[in-house]
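Notes to accompany the following structure.
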Amino acid sequence: MSIQIQNISKSFGTFTALEKINIDIQTGELVALLGPSGSGKTSLLRIIAGLEAANQGSILFGDEDMTHIHTKERKVGFVFQHYALFRHMTVFDNIAYGLKVRPRKIRPSKQEIKDKVYELLKLVKLEAYADRYPSNLSGGQRQRVALARALAVEPKVLLLDEPFGALDAKVRKDLRRWLRKLHDDYQITSIFVTHDQEEALDVADRIVVMNEGKIEQIGTPEEVYENPNSPFVYHFLGNVNLFKGRLHNGKLHHGNFQVDAPPEFAKSMNTDAVGYVRPYDISIEREQSLDSVAAKISYIHLVGAVVQLELIRNDNGDFLEAELTKEHYRSLNLKTGEEVYVKPKQLKVFIPEDFSI
Amino acid sequence: MAGHVSLQYSTSPQQNQTRIQDSEPRWVRWFLIAIALAFISLFLLLPLAAIFIKAFEKGIAVFVNAISDPDALAAIKLTAVIAIITVPLNAIFGVTAAWVVTKFQFKGKSLLITIIDLPFAISPVIAGLVFVLLFSAHGLFGQWLLEHNIKIIFAVPGIVLATLLVTLPFVARELIPLMQTQGTTDEEASMTLGASGWKTFWLVTLPNIKWGLLYGIILSTARAIGEFGAVSVVSGHIRGLTNTMPLHIEILYNEYQFSAAFAVASLMSLFAIFTLIIKNVIEWKAKGAS
């Protein structure tokens with residue numbers, strides 16, 4: 001089932017939670033709504049589910065206008081951040097709930113319900129836990145029960161609100177891989193909300209980056225990561241180094257330092273601009289050149305496959321981060337406190353006019 | 001659910017801590033305990049014992065006579081009727097009010113909560129007087145009621161109304177904080193799974209609040225049975241007709257039938273003790289459930 005979000009606006013009193021949101025989601029897609037807290041992503045998810053009403057705009061499932069359809073008729077599976085399992089029911093009864101509450105005419109028989117529940121219990125690998133109560137389960141197990149409960153009603157759309165937010169790192173990683181696989185097997189159109197960029201990049205087909213009630217960028221994980229269209233997206237998806245300076249004749253200047261700006265800025269004259277460089281796009285040199293700045297190594301992290309360096313620029317005291325391969329690091333023979341030259345290999349330039357840092 | 005669990009875990013180490021850091025000298029502890037015990041004995045246990053001693057002072061026969069007297073039986077029956085009418089009404093009102101206050105956002109919500117609390121704040125005598133002002137022969141609706149031959153004041157409906165007013169907050173006050181901490185996500189989950197509002201209430205909300213509801217019902221039953229002030233104003237003290245147990249006790253006492261008065265009083269005290277036991281069982285069960 002495809003989902004169309006058309007011109008959705010929502011405000012709570014004077015606070016604008018969402019402003020003219022438009023997203024088209026294809027059948028079978030797994031989309032992440034990514035943004036900091038307060039960006040409106042959860043409000044949008046709740047509007048799609050019908051748990052909240054938009055002030056403006058419409059929601060379509062396929063060709064069907066769902067804007068004024070009650071939650072219980074929308075056939076969405078919703079997984080809540082804190083699971084919202086019914087604590088007075090066993091795992092079995094929790095999963096069976098959606099089938100048991102159907103009107104008699106369309107309610108499956110007891111045996112059918114039982115079969116369906118056990119099928120789902122098998123899917124979430126909790127067959128042995130059917131008679132347990134939620135309070136006797138771990139966080140990851142509760143989340144899986146919540147997912148099984150949502151899937152029991154065979155929803156056309158699966159909505160997940162920070163599904164792994166309350167779990168510890170290891171379980172979180174396992175569970176999101178498992179969710180990806182489940183999605184690939186079932187091909188159910190899914191939207192999940194997260195503030196964790198790693199999670200979104202890891203799992204989603206497409207990412208919708210949101211900030212202050214607006215969409216910053218929509219694209220595949222590669223697109224939003226490699227080609228952020230705004231400083232916000234750049235900041236939000238991974239670490240970044242800033243090189244403030246002046247754009248002139250296609251180059252970004254700061255003191256004696258000058259570096260080539262991307263070709264679209266060739267005509268900019270004497271404008272303030274900021275260059276954005278990912279830590280792995282920085283190279284560390286022993287020799288000074290025009291397009292490098294002097295900096296002092298303040299810290300070296302050696303854990304993991306890459307070596308992370310923390311540096312402080314000599315000219316303005318700005319903090320820089322760089323990532324090197326272990327081999328490169330060894331060949332340079334770097335030490336804490338040493339002075340080196342930092343050279344941006346690739347940078348993206350934004351002219352600060354409608355944003356502040 | 002998760003909140004409750006963490007709450008339990010967080011309180012237990014604290015208890016251990018206080019035990020370890022408990023460095024007060026032993027005599028201070030014993031002294032404080034002794035003061036508390038003496039106070040309780042003097043003001044609670046002694047009067048309670050006195051009631052039973054007085055009740056049986058003139059022998060079992062007088063006791064049995066006192067509580068099997070037709071007027072006494074009528075008073076017991078009326079008290080039971082009042083409780084049976086008012087408590088379910090209060091339970092329904094309490095659940096509705098708590099539901100409205102906690103699950104919806106609307107203007108005037110804090111005003112509603114304040115109004116629910118009003119009967120706690122005003123004297124029961126005033127609560128009774130309000131109904132006299134409204135429904136007595138000289139009251140606001142008195143003329144109309146006379147014409148239609150409806151009796152409220154000095155009759156059972158008046159007692160029911162006064163009792164309802166006085167016991168109004170018990171269930172709602174018990175449920176509002178409980179439902180506020182539980183939030184609305186369980187109900188939302190139920191809705192997304194296709195359940196109607198009615199089914200959601202019976203299958204999700206009610207089981208979540210059942211212990212709080214029972215607790216509120218117990219408290220409001222105890223009050224409905226024991227209420228004196230408001231009922232005294234509206235009842236008219238007609239023997240065998242509009243006398244509840246507390247009013248009956250007062251009449252007996254004023255007629256110097258002390259043993260009989262205490263006999264009926266002992267019956268009420270027994271009920272009160274019974275209520276306390278049930279209340280404790282419920283608290284204990286509720287703790288186990290969460």
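Residue numbering restarts at 1 for every chain, and letters A, B, ... go by the order of the sequence lines.
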Practice task
Could you verify whether a donor N or O on one side chain and an acceptor N or O on the other, from A:T67 and A:D65, lie under 3.5 Å apart?
Solution key: yes
Exercise for the section: Examine the side chains of B:T184 and B:E187 and answer whether a donor and an acceptor come within less than 3.5 Å of each other. Expected result: no
Handout entry: cation_pi(A:R176, A:F192) dist<6.0 Å, angle<=45
Key = no
Problem - Over 12 non-hydrogen atoms of neighbours within 6.0 angstrom of NZ in A:K156 - result: yes
Handout entry: Residues of residues 195-206 of chain B with any heavy atom under 4.5 Å of a heavy atom in chain A
Key = B:A195, B:S196, B:K199, B:T200, B:L203, B:V204
Problem - Test item: B:T275 and B:T221 side chains (from C-beta on) under 4.5 Å apart, heavy atoms - result: no
Practice task
Please state whether the side chain, the backbone, both or neither of A:A150 comes within less than 4.5 Å of a heavy atom of chain B.
Solution key: backbone
Problem - Pairing of A:R149 and A:D93 as salt bridge, 4.0 angstrom limit - result: no
Practice task
Would you check if A:I23 and A:L44 make a side-chain contact, meaning some heavy-atom pair closer than 4.5 Å?
Solution key: yes
Fill in the blank from the handout: Bottom line for B:S190: the part with an atom under 4.5 Å from chain A's heavy atoms is both
